[in-house]
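Basis for what follows: all heavy atoms, side chains included, without hydrogens, waters or symmetry-related copies. A quick note: this is a predicted structure, and the numbers were derived from the prediction, not measured. Numbers here are sequence positions counted from 1.
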Amino acid sequence: MNDIRSLGAYPQIEALADPQRLAILQHLMVKPATLTQLAGQLNHSPAWVRHHLKRLEAVGLVEFVERRKKGRQTERYYRAVAGAFLIQQMVLPRCEKPLLVFSGSDDLAWETLVRQLESRFHILTFPVGSLNGLVNLRQGFCQVAGCHILDDQSGDYNLPTIRHLFPDRAATVITLAHRVQGMIVPSGNPKAIHALADLARPDVRLVNRNRGSGTRLWFDWQLRQLGLSPAQIQGYEWEVFTHRQCALAVKNHQADVALGVEAAARQEGLDFIPLFQERYDLTFLSEFEPDYLPLLDTLSSAGFRQALSALPGYDSSESGRYQAL
């Protein structure tokens with residue numbers, strides 16, 4: 001068996017929590033074996049092996065392959081159902097309010113929305129970047145994904161990527177806000193950084209965003225357009241996951257510049273050089289839309305728009321705009 005299977009069912013994960021059953025499965029991933037052969041390999045009795053093997057077979061991790069005659073005896077051969085297993089299990093709290101797991105790009109407008117929804121939902125936020133957030137939504141590890149991915153062919157945000165990742169699932173896309181991104185620099189801009197090309201200077205050190213984030217995807221595309229190599233950028237390999245972490249690295253003199261949203265820079269008393277405006281969208285599977293009506297109502301409310309207006313660089317004029325794919 002050369003395939004890899006992803007495990008998410010609790011009985012399978014529970015079965016593998018026993019190191020003895022895990023050892024049996026690992027042997028059967030290599031090649032089929034009998035109870036007697038496994039007993040010899042693991043230095044246990046065939047009866048001991050049979051006990052654990054039945055459990056692995058019951059949860060679908062091991063299967064019977066064939067019978068072989070050996071003298072007067074008939075031996076049964078077993079094997080693992082895959083060549084390797086990927087264990088994925090999210091442990092979530094039990095709470096009275098509906099649970100909503102968000103995965104995607106870090107965003108201050110999302111944090112504002114979360115504060116307004118705290119009485120309706122128990123919300124967990126997993127800032128992994130735009131692309132990884134959509135992948136998590138596809139795999140069922142979150143209910144809402146936040147993204148701002150520019151398609152360099154069409155010039156549109158998010159929709160081409162979402163259509164590509166969800167060709168067989170109906171998805172709903174709601175605009176959270178438009179926001180300004182640019183370069184975060186110390187107050188007074190002592191290194192006189194004014195354009196992306198300045199990041200290749202030997203006296204400039206960058207703190208970068210994580211791979212898969214919309215900001216990182218945009219930055220890498222811009223470097224290609226400028227004919228610059230990541231090797232020319234000091235600090236390119238230093239990655240952080242949030243705009244606030246970027247701003248703090250600059251504020252604490254660990255870096256001379258970072259890419260991020262204007263609001264993060266202003267909150268830390270830093271200067272900001274605007275580069276572009278982008279659209280940040282929330283995505284969820286359309287089949288669950290009725291569950292998120294309070295979120296949609298809040299997103300379109302005057303209270304949310306007023307709170308968003310306090311964030312420099314944010315535009316709420318299209319907040320709540322609805323698109324079904």
Worksheet item: Around Gln225, counting heavy atoms of other residues, nucleotides and ligands shown, do more than 12 lie under 6.0 Å from its CD?
Response: yes
Worksheet item: Do any N or O atoms from the side chain of Gln232 and from the backbone of Ala200 form a donor-acceptor pair under 3.5 angstrom?
Response: no
Discussion item. If you define the side chain from C-beta out and look only at heavy atoms, does anything of Leu16 sit under 4.5 Å from Leu25?
Written reply: yes
Item to complete: Treating Ile, Leu, Val, Met, Phe, Trp and Tyr as nodes and any side-chain heavy-atom pair under 4.5 angstrom as an edge, say whether Ile123 and Leu137 lie in one connected cluster.
Response: yes
Discussion item. Determine whether a donor-acceptor pair (N or O, by modelled atom type, separation under 3.5 Å) exists between the side chain of Arg67 and the backbone of Glu75.
Written reply: no
Discussion item. Would the distance check show the side chain of Tyr280 and the main-chain N or O of Ala109 forming a donor-acceptor pair, the cut-off being under 3.5 Å?
Written reply: no
Worksheet item: Using a distance-only test with no angle check, is there a side-chain donor-acceptor pair under 3.5 angstrom linking Ser317 and Asp315?
Response: yes
Response to the item:
dist Leu259:CG -> Gln222:CD (nearest 0.5 Å) comes out at 9.5 Å
Practice prompt. Could you tell me whether a side-chain N or O of Gln139 sits under 3.5 Å from a main-chain N or O of Asn136, the two making a donor and an acceptor?
Written response: no
Discussion item. Side chains of Thr172 and Ser286 only: does a donor on one sit below 3.5 Å from an acceptor on the other?
Written reply: yes
Item to complete: Applying salt bridge (charged side-chain N to carboxylate O under 4.0 Å, His left out), run through Arg79 and Glu66 and close with a yes or a no.
Response: CA-CA 10 Å; Arg79 69 178 180 185; Glu66 62 176 327; over 6 Å; no
Item to complete: Enter the distance from Arg321:CZ to Leu299:CG here, rounded to the nearest 0.5 Å.
Response: 13.0 Å
Fill in: Gln181 versus Thr215, side-chain donor and acceptor atoms under 3.5 Å
yes
Practice prompt. Check step by step if side-chain contact (heavy atoms from CB on, under 4.5 Å) holds for Asp256 and Val207.
Written response: CA-CA 8 Å; Asp256 303 304; Val207 54; over 6 Å; no
Discussion item. Whether Arg68 engages the ring of Tyr77 as a cation-pi pair (distance to the six-membered ring centre under 6.0 angstrom, angle to the ring normal within 45°) should be assessed.
Written reply: yes
Practice prompt. Enter the distance from Arg76:CZ to Leu53:CG here, rounded to the nearest 0.5 Å.
Written response: 9.5 Å
Discussion item. Can you confirm if the aromatic rings of Phe102 and Phe126 lie within a centre distance of less than 6.0 Å?
Written reply: no
Discussion item. Please check: side-chain N/O of Asn132 versus main-chain N/O of Gly129, any donor-acceptor pairing under 3.5 Å?
Written reply: no
Fill in: Flag side-chain contact, heavy atom, 4.5 Å: Asn210 against Arg216
no
Worksheet item: Above 12 or not: heavy atoms from other molecules or residues under 6.0 Å from NZ of Lys31?
Response: no
Worksheet, complete the sentence: Nearest heavy-atom approach of Ala177 to Ser319 is CA-OG, 3.9 Å
Practice prompt. Measure the acute angle between the ring planes of Phe276 and Trp218, then classify it against the limits of 30° and 60° as parallel, tilted or perpendicular.
Written response: parallel
Worksheet item: When clusters are formed by joining ILVMFWY residues with side-chain heavy atoms under 4.5 Å apart, either directly or through shared neighbours, do Val101 and Val114 land in the same one?
Response: no
Worksheet item: Between the side chains of Trp221 and Asp152, is a donor N or O closer than 3.5 angstrom to an acceptor N or O?
Response: yes
Worksheet entry | Ile184 CD1 to Asp271 CG distance, which is reported to the nearest 0.5 Å | 11.0 Å
Worksheet item: Do side-chain atoms of Arg279 reach the backbone of Tyr157 as a donor and acceptor pair under 3.5 angstrom?
Response: yes
Worksheet, complete the sentence: Note: Gln267 and Arg244 closest approach over all heavy atoms is OE1-NH2, 3.6 Å
Worksheet item: Shortest non-hydrogen contact from Gln234 to Val204?
Response: CB-O, 3.4 Å
Item to complete: Give the intermediate values and the outcome of side-chain contact (heavy atoms from CB on, under 4.5 Å) for residues Leu296 and Phe284.
Response: CA-CA 11 Å; Leu296 301 179; Phe284 54 85; 4.1 Å; yes
Worksheet item: Side chains of Tyr322 and Glu289: does their closest heavy-atom pair fall under 4.5 Å?
Response: yes
Worksheet item: Just how far is it from atom CG of Asp281 to atom CG of Leu176, taken to the nearest 0.5 Å?
Response: 8.5 Å
Discussion item. If you compare all heavy atoms of Gly320 against all heavy atoms of Ser300, which two are closest, and at what distance to 0.1 Å?
Written reply: CA-OG, 3.7 Å
Practice prompt. Indicate yes or no for a side-chain donor-acceptor contact from Thr298 to the backbone of Pro294 under 3.5 Å, with no hydrogens or angles considered.
Written response: yes
Worksheet item: Same cluster or not: are Phe219 and Leu131 linked, directly or through other Ile, Leu, Val, Met, Phe, Trp or Tyr residues, by side-chain heavy atoms under 4.5 angstrom apart?
Response: no
Fill in: Test item: Leu150 and Glu278 side chains (from C-beta on) under 4.5 Å apart, heavy atoms
no
Worksheet item: With a 4.5 Å limit on heavy-atom distance, are the side chains of Leu56 and Tyr78 in contact?
Response: no
Practice prompt. Report the relative orientation of the aromatic rings in His148 and His243; use parallel for angles under 30°, tilted for 30 to 60°, perpendicular for over 60°.
Written response: tilted
Item to complete: Could you go through the side-chain contact (heavy atoms from CB on, under 4.5 Å) check for Trp238 and Gln254 one step at a time?
Response: CA-CA 11 Å; Trp238 178 20; Gln254 297 170 305; 3.6 Å; yes
Discussion item. Just so I know, are the side chains of Val261 and Leu108 near enough to count as touching, which here means a heavy-atom distance under 4.5 Å?
Written reply: yes
Fill in: Tyr236 side chain reached by Leu199 side chain, heavy atoms, under 4.5 Å
no
Discussion item. Assess the residue pair Thr161 and Asn158 against the criterion (side chain to side chain donor-acceptor pair (under 3.5 Å)); give the C-alpha distance rounded to whole Å, side-chain angles, the decisive distance to 0.1 Å, and a yes or no.
Written reply: CA-CA 5 Å; Thr161 304; Asn158 305 320; over 6 Å; no
Item to complete: Determine the minimum heavy-atom distance between Gln37 and Pro32, stating which atoms define it.
Response: OE1-O, 4.3 Å
Fill in: Face-on cation placement of Arg266 at Phe272 ring, 6.0 Å and 45° thresholds
no
Worksheet item: Would Val180 end up clustered with Tyr314 when hydrophobic side chains under 4.5 Å apart are linked, directly or stepwise?
Response: no
Fill in: Lys97 side chain vs Glu118 backbone, donor-acceptor pair below 3.5 Å
yes
Worksheet item: Should Lys54 and Arg50 count as side-chain neighbours, where that means a heavy-atom distance under 4.5 Å?
Response: yes
Worksheet item: Is any side-chain N of the basic residue among Arg169 and Glu287 closer than 4.0 Å to the acidic one's carboxylate O?
Response: yes
Fill in: Stepwise side-chain contact (heavy atoms from CB on, under 4.5 Å) check, Arg5 with Leu86
CA-CA 6 Å; Arg5 294 197 185 182; Leu86 177 64; over 6 Å; no
Discussion item. Ignoring hydrogens and geometry beyond distance, is a side-chain donor-acceptor pair present between Asp297 and Tyr292 at under 3.5 Å?
Written reply: no
Worksheet entry | Any donor-acceptor N/O pair, Gln245 side chain to Thr242 backbone, under 3.5 Å | yes
Fill in: Same apolar cluster: Leu206 and Phe241, side chain cutoff 4.5 Å
no
Item to complete: Determine, stepwise, if the pair Asp220 / Arg211 fulfils salt bridge (charged side-chain N to carboxylate O under 4.0 Å, His left out).
Response: CA-CA 10 Å; Asp220 288 345; Arg211 297 169 194 173; over 6 Å; no
Fill in: Nearest-0.5 Å distance that lies between atom CG in Leu100 and atom CG in Leu295
6.5 Å
Worksheet item: Which atom pair, heavy atoms only, marks the closest approach of Ala264 to Ala247?
Response: O-CB, 3.6 Å
Worksheet entry | Donor-acceptor pair, side chain of Lys191 and main chain of Asp203, under 3.5 angstrom | yes
Discussion item. Take a 6.0 Å sphere around CG of Asn43 and say whether it holds more than 12 heavy atoms from other residues, nucleotides or ligands.
Written reply: no
